[in-house]
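Data block below; observations after.
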Amino acid sequence: MAVMLPGFRVLTFLFVVSVFANSSVGADGMQYPLGSVRNDAGELFIVDLKMHGVWKATDGKLSAYFEGSPKFRTPLNAARCIAFDKDGNVLAGDTSTREVYRFKEAGKPEPLTGAGPITDDDGKVTGFKPGIGMPMAIAVAKDGTIYIADLELHRIFKVPHEGRTDGKPEIVAAVEAPRGLAFDPDGNLIVLSTTKDQILKVDSDGKVSVLVPGRPFNFPHNIVITNDGTMFVTDGYGKCVWKIGADLKPVKLFEGGPLSNPVGLSLSGDKLIVTDPRAEGPRVFELDLEGNLTPIELAP
C-alpha cells in the first residue's frame, strides 16, 4: 500500500537538505532533536534526526539508548517521534524504515507494524513490506492501542499493543497532512494538521470533524492535552507554544527566544517538555502551564 503525491519525492529531498543545512550541535550535545519524553523516574528519552537513534538522559547525563546507523533504510536512521506505551516502554517512529519500534530494553528495537525493508541473503534492500509511510506522531489509548499519524499516506493508523507482523495496520481515518496526535479526556483522538483546518477530532467510529477551524498556527508540529481538556501546540514558524482552553481560542503560552523552531511536545506531570532542533543553546526545555520556560541541562 503506497500513496505518492505529485512532487512528493522532490519535496522530501528538499526538506532533508534544508534540515541538514541548518544543523549544528547544541549546548547539550544534541544535533537535531525532534521529540522527547520523560518517565516517572525523571529519565529523558530523545529522538534526534541527525544523530540517528534514541538518546537517554539520566541525572542530566546523555547516553545512547539506541545508536542507529547513518545508512538510509536502517532502523531509526530518521527517528522523528517518540512516546511511551501503556507499560512505560519507549516507542519511536522512523521514516527511514517506515516503522514504529518498541524498546523493552536499551539497544533492542522491536518493529510494531510489520512494515519495513525486505532484504536478500546479502542484506541488500530489495523492497518494502506494506505498512505505513512516514510516522510523525504516536498516541497511546488507555487500552494500550497505538495510534500513528502518517504524513506520507495521509492516514491515521492503529496497531494493537502487542503489535503486528503482517504489515497491515488498521486505518482509523483519512486526514490530510497529520502531524500531531493526542487523546482528549473523553477518549476522542485529536489530530493536528497543516491544512485549512488545523485541529480535528476523530471519534470512536472514525468520523472526522473540525474542532478548531481555520489556520491559527503558522506551522504546527505537535499537540498534547491535559486531563482537563486543555490543549497545547508547538508552532515552529511562530517560535511559540500555544494554549487552547475550553473556549477553543488559541492564545500564546510562550513566544520567542530561546525558542527558534519548537517541534517536539510531550507532557511530564504538570509540565510540558518542548524540543527545539534549532535553538542556539540547550535544545530541550521544560515549560510550566503558566508559561515559564526552563532549559533542561544535559551533559554530552
inquiry  = One pair to check against side chain to side chain contact (heavy atoms under 4.5 Å, CB included): Val202 and Asn188. What are the steps and the verdict?
reply    = CA-CA 6 Å; Val202 181; Asn188 297 301; over 6 Å; no
message = Set out, in order, the CA-CA distance, both residues' side-chain angles and the distance that settles side chain to side chain donor-acceptor pair (under 3.5 Å) for Thr97 and Asp94, then state yes or no.
response = CA-CA 6 Å; Thr97 53; Asp94 176 40; 2.5 Å; yes
task = May I have the step-by-step check of side chain to side chain contact (heavy atoms under 4.5 Å, CB included) for Leu153 and Met134, ending in yes or no?
result = CA-CA 7 Å; Leu153 301 182; Met134 296 178 65; over 6 Å; no
ask   = Does the side chain to side chain donor-acceptor pair (under 3.5 Å) test come out yes or no for Tyr32 and Arg278, once each step is laid out?
value = CA-CA 7 Å; Tyr32 209 88; Arg278 295 184 182 174; 3.3 Å; yes
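Legend: residues meeting side chain to side chain donor-acceptor pair (under 3.5 Å) with Lys201, ordered by chain and number and at least two apart, are absent. For the side chain to side chain donor-acceptor pair (under 3.5 Å) test, residues two or more places apart in sequence or in another chain that qualify with Asp228 are Thr226, Thr230.
Panel note: side chain Asp276, backbone Ser260; a donor-acceptor pair is recorded below 3.5 Å. The backbone N or O of Gly229 lies less than 3.5 Å from no partner atom in the side chain of Asp184, so there is not a single donor-acceptor pair. No side-chain donor-acceptor contact under 3.5 Å links His52 to the backbone of Gly68.
Note on ring orientation: taking the six-membered ring where Trp is involved, the planes of Tyr147 and Phe183 are perpendicular (angle over 60°, cut-offs 30° and 60°).
The same ILVMFWY cluster, assembled from side-chain heavy atoms under 4.5 Å apart, contains both Val212 and Ile190. Val210 and Ile223 sit in two unconnected hydrophobic clusters of ILVMFWY residues. Membership requires side-chain heavy atoms under 4.5 Å apart, directly or through other members. Each of Leu189 and Val140 belongs to its own hydrophobic cluster when Ile, Leu, Val, Met, Phe, Trp and Tyr are linked at side-chain heavy-atom distances under 4.5 angstrom. In terms of hydrophobic clustering, with Ile, Leu, Val, Met, Phe, Trp and Tyr side chains grouped at heavy-atom distances under 4.5 Å, Met30 and Ile296 are assigned to a common cluster.
Checked against the 6.0 Å centroid threshold, Phe217 and Trp242 count as a close aromatic pair. Residues Phe66 and Tyr101 keep their aromatic ring centres 6.0 Å or farther apart.
Salt-bridge formation is detected for the pair Arg98/Glu152: a Lys NZ or Arg NE/NH1/NH2 atom is positioned less than 4.0 Å from an Asp or Glu carboxylate oxygen. Note on Lys61 versus Asp59: no salt bridge recorded, every NZ/NE/NH1/NH2 to OD/OE distance being 4.0 Å or above.
Nearest approach of Ile82 to Ile46, heavy atoms of both residues: CD1-N, 4.1 Å. When all heavy atoms of Pro277 and Pro33 are compared, the closest pair comes out as CB-O, 3.3 Å. Residues Gln31 and Asp48 approach most closely at N-OD2, 2.9 Å, considering heavy atoms. Between Leu34 and Ala79, the shortest heavy-atom contact is CD1-O, 4.1 Å. For Arg80 against Pro135, the heavy-atom pair with the smallest separation is CB-O, 4.1 Å. Counting all heavy atoms, side chain and backbone alike, Pro178 lies closest to Val175 at CD-O, 3.2 Å.
Screening residues 26-45 for salt bridge (Lys or Arg N to Asp or Glu O under 4.0 Å) gives Arg38-Glu286, Glu43-Lys56 as the qualifying pairs, with residues at least two apart or on separate chains.
Looking at Leu265 and Ile273, their side chains never come closer than 4.5 Å, going by heavy atoms from C-beta outward.
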